[in-house]
Number of protein chains: 2
Amino acid sequence: MVNKTRSPQRREDALSRDRIIEAAIGLLDSTGEAGLTFRALSEQLATGPGAIYWHIANKGELLVAACDAVIAATLAACADGETPEATVRALAVGMFDAMDAHPWIGSALIHAAGQLPTVRLFESIGQQVRALGVPQSRQWAAVSALWHYILGVGGQNAANRRSAQAREIGREGFLGEASAAWAALDEARYPFTRSLAEQLRDHDDRADFLAGIDLILGGIKAQSQP
Amino acid sequence: MVNKTRSPQRREDALSRDRIIEAAIGLLDSTGEAGLTFRALSEQLATGPGAIYWHIANKGELLVAACDAVIAATLAACADGETPEATVRALAVGMFDAMDAHPWIGSALIHAAGQLPTVRLFESIGQQVRALGVPQSRQWAAVSALWHYILGVGGQNAANRRSAQAREIGREGFLGEASAAWAALDEARYPFTRSLAEQLRDHDDRADFLAGIDLILGGIKAQSQP
DNA sequence: ACCTGAACACCGTTCAAGT
DNA sequence: ACCTGAACACCGTTCAAGT
């Protein structure tokens with residue numbers, strides 16, 4: 001009759017690392033990076049700010065843990081494609097959608113350099129690059145290009161979101177303003193940017209992201225068979 | 001005898017937007033992003049924290065302005081190469097070195113989404129992509145890929161620097177630890193990352209960065225002549 | 001016009017004290 | 001073992017008061 005497993009029978013509402021991370025993700029999603037404070041978090045968990053420190057060392061660790069929970073779930077949900085290329089695309093799209101649903105992931109990933117969530121992602125990309133048949137000596141460059149590109153897009157999208165949110169305009173309003181600003185640039189100094197003003201307003205983030213992935217995949221292929 | 005230009009004859013040590021930005025850059029370089037506070041800055045300028053607000057709206061604007069000063073100087077110093085490809089490489093290397101000398105630039109650029117410094121960089125890349133002969137319909141994707149890649153590397157390098165600085169180990173110490181961590185990963189779950197542990201320790205950031213640029217340039221060329 | 005510096009409303013984090 | 005919440009040492013920003 002004695003329960004040998006030492007799973008403690010806690011009150012339903014007991015604090016735990018996982019419950020804290022879950023609440024942190026919710027707070028980050030709903031109020032953005034600036035909205036995650038130990039006071040707001042502890043209020044949501046019906047406790048004091050100090051309680052959280054029993055389970056988590058500091059805010060940095062909390063952010064990395066929240067990021068890792070999302071990344072792990074995202075990578076696990078990415079189905080393998082028919083070809084390595086298709087799998088890379090599925091992985092990239094999965095990451096894009098995760099960063100779109102959780103705009104704080106981009107900057108969290110950058111701050112988590114070298115830690116668990118980045119290793120997960122690096123490994124997933126690396127396995128597919130291997131599967132593509134890229135020779136050893138060029139694997140590093142190939143993974144690095146895909147990796148930095150994905151992080152760059154994530155960071156940029158997150159910044160755009162934050163900017164739009166701060167000024168209480170939606171995606172359309174943000175793109176409209178940015179497009180107008182580009183159109184108003186000095187023709188002599190900014191001819192290229194100016195010419196893309198319209199394209200900026202109408203572009204599709206997701207499709208453009210994938211186009212970039214394909215471009216890099218094309219570069220990888222071109223290197224292998226010159 | 002009357003001086004019609006209204007350039008005021010200020011005391012040498014009068015505050016100005018430019019002097020504030022200059023001091024901010026110095027503080028960011030020497031103490032990192034966390035070291036830039038209005039108190040530290042005003043102390044360095046021998047004034048009170050409130051004085052700065054007469055010249056600059058808030059901290060965000062200060063960071064963008066500091067970033068813009070560095071970017072403008074960097075782009076101006078990039079010499080044109082013999083070919084568009086060479087110019088893209090010169091531009092990329094210039095940005096890499098700037099981000100290496102001022103590790104805070106990476107995250108500042110990401111936060112400055114859509115503002116002056118990013119427009120400058122976008123324009124510079126765009127003009128070279130045009131010069132490469134990329135057709136209109138593919139210019140956006142090409143610029144976007146280079147752009148996000150450069151930002152991604154900048155953000156990542158900045159994070160690595162900050163991490164190394166926080167733990168008071170140098171670049172070698174940081175890479176040594178990271179390499180050891182990769183080598184200690186579970187072979188079954190992280191075969192790719194594990195296999196690159198040694199390469200991580202010995203790699204050359206700058207050369208790898210350029211390899212990525214070349215890979216993307218290769219992808220752009222491959223798209224144009226399939 | 002430009003600067004001063006105290007004051008306000010926040011932070012992350014610590015820690016004695018409780019259960 | 002786990003939680004409480006007051007307290008500490010900071011922030012960015014404001015603003016009456018000065019020159």
Side-chain angles (χ1 to χ4, degrees), chain A residues 3 5-24 27-28 30-67 104 107-108 111-112 162-163 166-167, chain B residues 3 5-24 27-28 30-67 104 107-108 111-112 162-163 166-167:
Chain A
N3 195 346
T5 73
R6 58 195 165 84
S7 68
Q9 208 161 336
R10 294 219 181 99
R11 284 173 297 143
E12 272 272 308
D13 64 338
L15 232 45
S16 71
R17 196 181 151 88
D18 283 347
R19 272 199 59 208
I20 292 170
I21 291 168
E22 195 185 349
L27 214 45
L28 285 162
S30 59
T31 60
E33 271 184 85
L36 179 65
T37 69
F38 277 75
R39 280 169 181 83
L41 186 58
S42 63
E43 195 177 347
Q44 195 146 107
L45 291 165
T47 180
I52 295 166
Y53 283 87
W54 184 261
H55 301 274
I56 276 165
N58 52 44
K59 192 172 179 176
E61 189 186 304
L62 178 58
L63 266 167
V64 171
C67 180
W104 48 274
S107 90
H111 283 80
R162 188 171 40 224
S163 174
R167 284 159 51 227
Chain B
N3 194 345
T5 73
R6 60 195 164 82
S7 68
Q9 209 159 336
R10 295 220 180 96
R11 284 172 298 143
E12 272 272 309
D13 64 338
L15 231 47
S16 71
R17 195 181 152 88
D18 284 348
R19 274 198 58 209
I20 292 170
I21 290 167
E22 198 184 347
L27 213 47
L28 285 163
S30 60
T31 60
E33 271 184 82
L36 178 64
T37 69
F38 277 75
R39 278 169 182 82
L41 186 58
S42 63
E43 195 177 349
Q44 195 147 103
L45 292 165
T47 181
I52 295 166
Y53 282 89
W54 184 262
H55 301 274
I56 275 166
N58 52 46
K59 192 171 180 178
E61 190 186 304
L62 178 59
L63 266 166
V64 171
C67 179
W104 48 275
S107 91
H111 283 80
R162 188 171 41 223
S163 174
R167 282 155 55 223

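The sequence lines fix the lettering, A, B, ..., with proteins before strands; numbering per chain opens at 1. None of these values were measured; they are calculated from a predicted model.
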Distance-only check: which donor-acceptor pairs under 3.5 Å involve side-chain atoms of residues 34-42 of chain B, not counting sequence neighbours?
residue: B:Thr37; atom: OG1; partner: B:Ala40; partner atom: N; Å: 3.0
residue: B:Ser42; atom: OG; partner: B:Phe38; partner atom: O; Å: 2.9
residue: B:Ser42; atom: OG; partner: B:Arg39; partner atom: O; Å: 3.0

(Q) Quick check: closest heavy atoms across A:Thr31 and A:Leu27, and the distance to 0.1 Å? (A) OG1-O, 2.6 Å
(Q) Among residues at least two apart in sequence or on other chains, which ones pass side chain to side chain donor-acceptor pair (under 3.5 Å) with B:Gln44? (A) none
**Q.** Within-4.5 Å side-chain heavy-atom neighbours: A:Arg162 and B:His111
**A.** yes
Q | Atom of A:Ile21, atom of A:Ala66 and distance for their closest heavy-atom approach | A | CG2-CA, 3.8 Å
Q. Which pairs count as salt bridge (Lys or Arg N to Asp or Glu O under 4.0 Å) when at least one residue sits in residues 50-67 of chain A, sequence neighbours excluded?
A. A:Arg17-A:Glu61
Q: Report the secondary structure of DNA chain C in dot-bracket form, marking unpaired bases with a dot and bases paired to a different strand with |, and treating Watson-Crick or G-U pairs with both distances under 3.5 Å as paired.
A: ||.|||||...|||||.||
Q: Measure from CD1 on A:Ile56 to P on D:dC2 and round the result to the nearest Å.
A: 14 Å
Q: Not counting sequence neighbours, which residues clear salt bridge (Lys or Arg N to Asp or Glu O under 4.0 Å) with B:Glu22? List them please.
A: none
Q.
Just to verify, what does B:Glu43 make a salt bridge (Lys or Arg N to Asp or Glu O under 4.0 Å) with, not counting sequence neighbours?
A. none
Q: Specify the separation, in whole Å, of atom CZ of A:Arg19 and atom P of D:dC2.
A: 14 Å
Q) Any side-chain N or O of A:Trp54 under 4.0 Å from OP1/OP2 of D:dC2? A) yes
Q.
Return a single string for nucleotides 7-19 of chain C, one symbol per nucleotide in 5' to 3' order, where B is base contact, S is sugar-phosphate-only contact and - is none, cutoff 4.0 angstrom on heavy atoms.
A. B---BBBBB----
